[in-house]
Visitor: 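To start, I am sharing the structure in question, which I have written as C-alpha cells.
The analysis underlying the following values was restricted to heavy atoms, covering all of them including side chains, and did not include hydrogens, waters or symmetry mates. Order of listing sets the numbers, starting from 1, for every ligand and every atom in it.
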Amino acid sequence: MKLDQKNVVLVGASSGIGAALAKVLAGKGCSLALIARREPQLIALADDINHNAGKTLARAYRGDVTQYETIEPLFDQIARDLGGIDVLIYASGVMPSVKRDEYCFEKDRAMIEVNVLGAMAWINVAAKRFETARSGVIAGISSIAGDRGRASMPGYITSKAALDAYLESIRNRISRYGVQVTTIKPGYVDTDLLAGAKTPIKAISPDQAAREIVSAIEDGAQVRYVPGFWRWIGMAVKCAPSFIMQRVNF
Ligand SMILES: NC(=O)c1ccc[n+]([C@@H]2O[C@H](COP(=O)([O-])OP(=O)(O)OC[C@H]3O[C@@H](n4cnc5c(N)ncnc54)[C@H](OP(=O)(O)O)[C@@H]3O)[C@@H](O)[C@H]2O)c1
C-alpha cells in the first residue's frame, strides 16, 4: 500500500523513530495523529510539520499507552477528527538501563506495560475496526532484541519477543481480510532510548530508520529488519547453541 495521503495514527511520536516517521509521512501528504505523553514535544512537532506543509497535516493528542481504558475512545475521536484511519503505527517503547547483576521487577513491569500491553491495547482496537472495514495497515516497532533470550536486559528482550509473537498472531488472524500487519525489527538507532550507550555496531539515524520503515510498509513486508543486514545477524543469533548464549554478555 502506498502511504501517500493516508490517515495515520502514530503512537510514540514525541521523539526518536516515531518523530522521524511523522516527518517522513508528512512528506507524503499523510494526515497524522501524533500520540505520546510529552505534549509540548508533540505540539512542537505538529507545528513544524504544519508550517512546512502550509496546512494542517498533523494533530497532537496527549496519551499514555498504560491508561488502557482511554485508548478506544481516543482511537474513535481520532477517526472522527481525521475522517477515518488507514494506518496504525505503534512505536512507543521504554528500555530503562538494567545492570548485569540487577533484578528489578518495577523496570520489567514498565517494559511489559508499555512495550507489550500498550501495543495490544492499541492494536486490538485497530484490528477490530480494520477487520470490519476489510482494509488497513498495522505496523509495530519491535526489535532485534526479540529474537533470542540474552543475558542483557531480560525484561526488554521478553517484551519484544512477546510483541513479535503478538504481531504475528494478529497477522495470521486478519491478513485474510486484507489487513496488513508489519513487524519492524530495528537494530541500533541513535535515539534517547539508547541514551548514548556504546553499541558494537554503529547506530543508524532515526531519519534513516523512518525511511526504511515506510518502505517496508509500502512493500507490504510481514517482517522487516532495519537495516536489512540485521536479518542475517538475527538468523545467526537464533541458531547459536545455548552454551554460547550463556557465555556472551550482549
Ligand atoms: N533506538 C533503538 O536502537 C531501537 C532499536 C530497536 C527498537 N527500538 C524501538 O523503537 C521504538 C521507538 O523508540 P526510540 O528509539 O525512538 O526511543 P524514544 O525516542 O525514547 O521514543 C520512545 C517513544 O515511546 C513513547 N512512550 C514511552 N512511554 C510511553 C507511554 N507510557 N505512553 C505513550 N507513549 C510512550 C515516548 O513518548 P513519551 O515519553 O512522550 O510518552 C516516545 O515517543 C521503541 O519501541 C523501541 O523499543 C529502538
Visitor: Which protein non-hydrogen atom lies closest to atom 14 (P) of ligand 1, naming both residue and atom, and how far is it?
Guide: T191 OG1, 3.4 Å

Visitor: Less than 4.5 Å apart, any side-chain heavy atom of D48 and any of K23?
Guide: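 Yes; the side chains approach each other to less than 4.5 Å.
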
Visitor: Looking at ligand 1, would G187 count as a contact under a 4.0 Å heavy-atom criterion?
Guide: yes

Visitor: Do R173 and E168 have side chains that approach each other closer than 4.5 Å (heavy atoms only, starting at C-beta)?
Guide: no

Visitor: Should you measure from each heavy atom of G63, which atoms of ligand 1 turn up under 4.0 Å away?
Guide: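 That gives atoms 32 (N), 33 (C) of ligand 1.
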
Visitor: What residue and heavy atom of the protein are closest to atom 3 (O) of ligand 1, and at what distance?
Guide: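 For atom 3 (O) of ligand 1, the nearest protein heavy atom is V189 N, 2.7 Å.
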
Visitor: For a 4.5 angstrom cut-off between non-hydrogen side-chain atoms, does F75 reach Q77?
Guide: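 F75 vs Q77: side chains apart.
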
Visitor: Is the closest basic N to carboxylate O distance between K202 and D190 below 4.0 Å?
Guide: no

Visitor: When you look for heavy atoms under 4.0 Å from ligand 1, do you find them on the side chain of A13, its backbone, both, or neither?
Guide: backbone

Visitor: Just to check, does S142 reach to within less than 4.0 Å of ligand 1 when the distance is taken from its heavy atoms?
Guide: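 True for this residue.
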
Visitor: Looking only at distances, please establish whether an N/O atom of ligand 1 is found under 3.5 Å from an N/O atom of Y188.
Guide: no

Visitor: Give yes or no for whether the N/O distance cutoff of 3.5 Å, strictly under, is met between L194 and ligand 1.
Guide: no

Visitor: Using a 4.0 Å heavy-atom cut-off, say whether V114 meets ligand 1 through its side chain, its backbone, both or neither.
Guide: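 V114 to ligand 1: side-chain contact only, backbone stays beyond 4.0 Å.
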
Visitor: N124 and Y68: side-chain donor and acceptor closer than 3.5 Å?
Guide: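 Result is no, nothing qualifies.
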
Visitor: Using the six-membered ring wherever Trp is involved, compare the ring planes of W230 and Y188 and label them parallel, tilted or perpendicular (cut-offs 30° and 60°).
Guide: perpendicular

Visitor: Check ligand 1 against I141 and write out every atom of the ligand that is under 4.0 Å from a heavy-atom position of the residue.
Guide: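 This gives 9 (C), 10 (O), 11 (C), 45 (O) as the contact atoms.
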
Visitor: So, regarding A36 and ligand 1 (criterion: nitrogen or oxygen to nitrogen or oxygen, under 3.5 Å), is there a contact or not?
Guide: no

Visitor: Say whether S92, considering both its backbone and side-chain N or O atoms, lies within less than 3.5 Å of an N or O atom on ligand 1.
Guide: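 Yes.
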
Visitor: How many angstroms lie between CD in E131 and CD1 in I170, if you round to the nearest 0.5 Å?
Guide: 9.5 Å

Visitor: Would a 4.5 Å heavy-atom cut-off, applied to side chains only, mark Q67 and E69 as touching?
Guide: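 The answer is yes; the side chains approach within 4.5 Å.
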
Visitor: Which atoms of ligand 1 sit under 4.0 Å from any heavy atom of V94?
Guide: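 In order of number, 27 (C), 28 (N).
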
Visitor: Using a strict 4.0 Å cut-off to heavy atoms of D64, name the atoms of ligand 1 that fall inside it.
Guide: 30 (C), 31 (N), 32 (N)

Visitor: Check whether the side chains of S215 and R224 place a donor and an acceptor atom closer than 3.5 Å, and report yes or no.
Guide: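 No.
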
Visitor: Could you check whether D207 and S205, counting side-chain N and O atoms only, form a donor-acceptor pair closer than 3.5 Å?
Guide: no

Visitor: Quick check: does A91 get an N/O under 3.5 Å from an N/O on ligand 1?
Guide: yes

Visitor: Purely on distance, is any nitrogen or oxygen of G93 under 3.5 Å from one on ligand 1?
Guide: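 Indeed, backbone or side chain, G93 has an N or O that close.
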
Visitor: Could you check whether any side-chain heavy atom of R38 comes within less than 4.5 Å of a side-chain heavy atom of S15, counting everything from C-beta outward?
Guide: yes

Visitor: What's the shortest distance from atom 16 (O) of ligand 1 to any protein heavy atom, and which residue and atom give it?
Guide: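 The protein heavy atom lying closest is I17 N, 2.7 Å.
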
Visitor: Answer yes or no for K160: is there a heavy-atom contact with ligand 1 below 4.0 Å?
Guide: yes

Visitor: What protein heavy atom is closest to atom 20 (O) of ligand 1, reported as residue, atom name and distance in Å?
Guide: L193 N, 3.7 Å

Visitor: Take every heavy atom of Y156, measure it against each atom of ligand 1, and state whether any distance is under 4.0 Å.
Guide: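 Within the 4.0 Å threshold, so yes.
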
Visitor: Using a strict 4.0 Å cut-off to heavy atoms of G16, name the atoms of ligand 1 that fall inside it.
Guide: 16 (O), 19 (O)

Visitor: Checking side-chain contact (heavy atoms from CB on, under 4.5 Å) against Q180, which of I138, I174, I217 comes through?
Guide: I217

Visitor: Can you confirm, on distance only, whether ligand 1 has an N/O atom lying under 3.5 Å from any N/O atom belonging to V65?
Guide: yes

Visitor: Is any side-chain heavy atom of V223 less than 4.5 Å from a side-chain heavy atom of S142?
Guide: no

Visitor: Could you tell me whether some N/O pair between G12 and ligand 1 is separated by less than 3.5 angstrom?
Guide: yes

Visitor: For atom 43 (O) of ligand 1, which of the options A19, S14, P40 provides the nearest non-hydrogen atom?
Guide: S14

Visitor: Ion pair present between D76 and R129, side-chain N to carboxylate O less than 4.0 angstrom?
Guide: yes

Visitor: Checking side-chain polar atoms at under 3.5 Å, does R171 have a donor or acceptor matched by the opposite partner on T183?
Guide: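 R171 vs T183: donor-acceptor pair found between side chains.
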
Visitor: Is it the case that ligand 1 has an N or O less than 3.5 angstrom from some N or O of R37?
Guide: yes

Visitor: For the residue pair Y103 / D108, report whether a side-chain donor-acceptor contact shorter than 3.5 Å exists.
Guide: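 Short answer, no.
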
Visitor: Students should be able to answer this: which protein heavy-atom is nearest to atom 21 (O) of ligand 1, and at what distance?
Guide: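 I find the closest protein heavy atom is S15 OG, 3.4 Å.
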
Visitor: Can you list the ligand 1 atoms lying under 4.0 Å from a non-hydrogen atom of R38?
Guide: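 With R38 as reference, the close atoms of ligand 1 come out as 36 (C), 37 (O), 38 (P), 39 (O), 40 (O), 42 (C).
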
